[in-house]
Amino acid sequence: MSLEVRPVRSRADLMRFIRLPWRIYSNEPLWVPPLVFERKRFLNPRKNPWFEHAEAELFIAWRGRRPVGRISAQVDHDFNDYHGNNWGMFGFFECEDDPEAARALLAAAEDWLRGRGRDRMVGPMDFSMNDEAGLLIEGYDMAPMVKQPYHPRYYKPLLEGAGLAKAIDLYMWTLNVTDKENMLPVMFDLAEKLEPEHGITIRHVKVGDLIKREMERFVEVYNEAWKDNWGFVPLRVDEMVHAAKESRPVLHSDWLMVAEDRSGEIVAFALTALDVNQVLAPMNGRLLPLGWLRFLWGVRRIDWVRVGFLGVRPELQHTGVAAGLYVEHFETAERHKYLKGGETGWILETNTAMNRGMEAMNGRIVKKYRVYERELATPSRNGSI
């Protein structure tokens with residue numbers, strides 16, 4: 001049957017775009033269905049502040065009347081202005097084990113980006129590195145945590161067979177909170193010296209205070225701490241406020257931490273979220289009619305967390321404040337007897353300091369994600385790239 005890739009133009013198409021993964025992952029028991037209403041809001045330019053500085057197009061691949069794949073193409077003007085380049089991104093990639101469909105989807109994204117003056121296509125990311133990013137290449141036997149993508153094993157050969165090349169890998173580390181005694185002693189030594197030698201103290205932040213009073217300083221530190229990372233795009237305060245409000249059910253004051261100097265200035269922070277995927281998995285994307293009750297009941301029984309963001313101002317990274325935040329995580333976990341462990345947010349393979357820090361805490365890499373790239377120097381021909 002002939003193949004055609006068409007942009008999403010109607011509400012019905014949008015629902016097909018959102019719902020396609022349910023069929024793709026019908027035989028993948030570890031996949032966690034997203035909440036349909038949340039995906040609709042995320043993809044709505046009137047609801048998601050990301051669209052204030054970016055644009056995107058959604059595509060569906062059809063064989064006759066059957067959708068067999070999807071993809072997004074997007075341009076983040078904040079990203080390009082910051083880096084002084086002309087990159088475009090692709091994301092939301094889902095596809096049957098169909099190389100022709102994969103090539104056609106990537107070609108559609110490439111042509112849309114080239115039409116907007118882009119000279120490189122990078123992804124997958126939904127919509128940026130601040131969202132779900134990378135293609136799973138190791139760790140297929142583990143369920144994804146909150147805001148982590150999960151993919152079938154055949155996606156890697158689909159993308160690489162279509163000519164995409166590795167740009168960079170992202171590591172996910174796991175930490176067992178019962179392994180505190182196996183942490184290198186230097187971590188505790190650094191944490192103990194924070195206040196007497198550097199005047200830095202760590203405190204916890206209430207979720208409401210983070211949203212109402214702390215967010216501007218939080219975003220300032222984030223942008224300073226992450227500015228040299230590959231793929232970094234500066235966060236805007238309204239974006240972070242929006243994300244915090246959307247994530248409020250999985251945020252807990254015990255897991256929101258800031259480090260301050262003697263003047264009260266925030267020099268580092270850690271934002272850790274409950275692994276809400278443990279609750280979402282059986283809900284199959286629905287909150288009604290009983291989903292809210294199941295969600296509220298299940299949140300209290302979550303036994304894993306994910307460190308979403310941890311950042312330190314560059315000029316204070318020598319002080320050991322990151323070690324102090326890590327130690328505080330372990331000590332907080334001891335007060336939550338139900339907690340078993342957690343995972344980091346992704347860490348770039350090139351971030352030697354952070355990866356060594358994970359090793360010092362007896363962590364281990366359990367998942368790897370890959371971001372791909374392709375130059376857009378020549379036009380596509382015959383539906384291929």
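We count residues from 1, following the sequence as given.
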Sequence neighbours excluded, which residues qualify as side chain to side chain donor-acceptor pair (under 3.5 Å) partners of [X]?
X: His83; answer: none
X: Arg23; answer: Glu96
X: Tyr326; answer: none
X: Asn80; answer: none

Phe51/Phe127 aromatic ring centres below 6.0 Å: yes
Ring centroid separation Trp87 to Phe79 under 6.0 Å: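 So the answer is yes for these two rings.
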Set of salt bridge (Lys or Arg N to Asp or Glu O under 4.0 Å) partners for Asp98, sequence neighbours left out: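 Counting only residues at least two positions away or on another chain, Asp98 forms a salt bridge (Lys or Arg N to Asp or Glu O under 4.0 Å) with Arg63.
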Qualifying residues under salt bridge (Lys or Arg N to Asp or Glu O under 4.0 Å), relative to Asp13, sequence neighbours excluded: Arg16
Residues in ring pair (Phe, Tyr, Trp, His ring centres under 6.0 Å) contact with Tyr154, at least two apart in sequence or another chain: none
Counterpart residues, ring pair (Phe, Tyr, Trp, His ring centres under 6.0 Å), relative to Phe232 (two or more places apart):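 Counting only residues at least two positions away or on another chain, Phe232 forms a ring pair (Phe, Tyr, Trp, His ring centres under 6.0 Å) with Tyr82.
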Non-hydrogen side-chain atoms of Tyr150 and Tyr140 separated by less than 4.5 Å: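 SC-SC contact between Tyr150 and Tyr140 confirmed.
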With rounding to the nearest 0.5 Å, note down the distance linking [atom1] in [X] to [atom2] in [Y].
X: Trp346; Y: Arg306; atom1: CH2; atom2: CZ; value: 9.5 Å
X: Leu113; Y: Phe90; atom1: CG; atom2: CZ; value: 10.0 Å
X: Asp254; Y: His204; atom1: CG; atom2: NE2; value: 6.5 Å

Arg116 bridged to Glu57 by N-O distance under 4.0 Å: no
For the student: nearest non-hydrogen atoms of Leu20 and Glu94, plus distance: CD2-O, 4.3 Å
Where the side chain of [X] meets the backbone of [Y], is there a donor-acceptor pair that is under 3.5 Å apart?
X: Ser72; Y: Leu58; value: no
X: Asn223; Y: Leu235; value: yes
X: His53; Y: His77; value: no
X: Glu224; Y: Val221; value: no

Contact list for residues 34-47, test side chain to side chain donor-acceptor pair (under 3.5 Å), sequence neighbours left out: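 Output for this query lists Arg41-Glu246.
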Pi-cation contact, Trp62 with Arg65 (under 6.0 Å, within 45°):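 That pair does not qualify as a cation-pi contact.
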Geometric cation-pi criterion, Arg70 with Phe17: 6.0 Å, 45°: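 That pair qualifies as a cation-pi contact.
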Leu194 vs Thr201, side-chain contact (heavy atoms from CB on, under 4.5 Å): CA-CA, chis, key distance, verdict: CA-CA 7 Å; Leu194 268 183; Thr201 57; over 6 Å; no
Of all pairs that satisfy salt bridge (Lys or Arg N to Asp or Glu O under 4.0 Å), the ones with a partner from residues 160-175, not counting sequence neighbours: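 Every salt bridge (Lys or Arg N to Asp or Glu O under 4.0 Å) pair that includes a residue of residues 160-175, provided the two are not neighbours, is Lys156-Glu160, Glu160-Arg370, Lys166-Asp169, Lys166-Glu349, Asp169-Arg370.
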Residue pairs involving residues 135-151 (criterion salt bridge (Lys or Arg N to Asp or Glu O under 4.0 Å); sequence neighbours excluded):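 For residues 135-151, and leaving out neighbouring residues, the salt bridge (Lys or Arg N to Asp or Glu O under 4.0 Å) pairs sorted by first residue read Glu138-Lys368.
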Identify each donor-acceptor pair in which a side-chain atom of residues 265-275 lies under 3.5 Å from a protein atom, sequence neighbours left out, and give them as a table.
from, atom 1, to, atom 2, distance (Å)
Thr272, OG1, His329, NE2, 2.8
Asp275, OD1, Val146, N, 2.9
Asp275, OD1, Asn277, N, 3.4

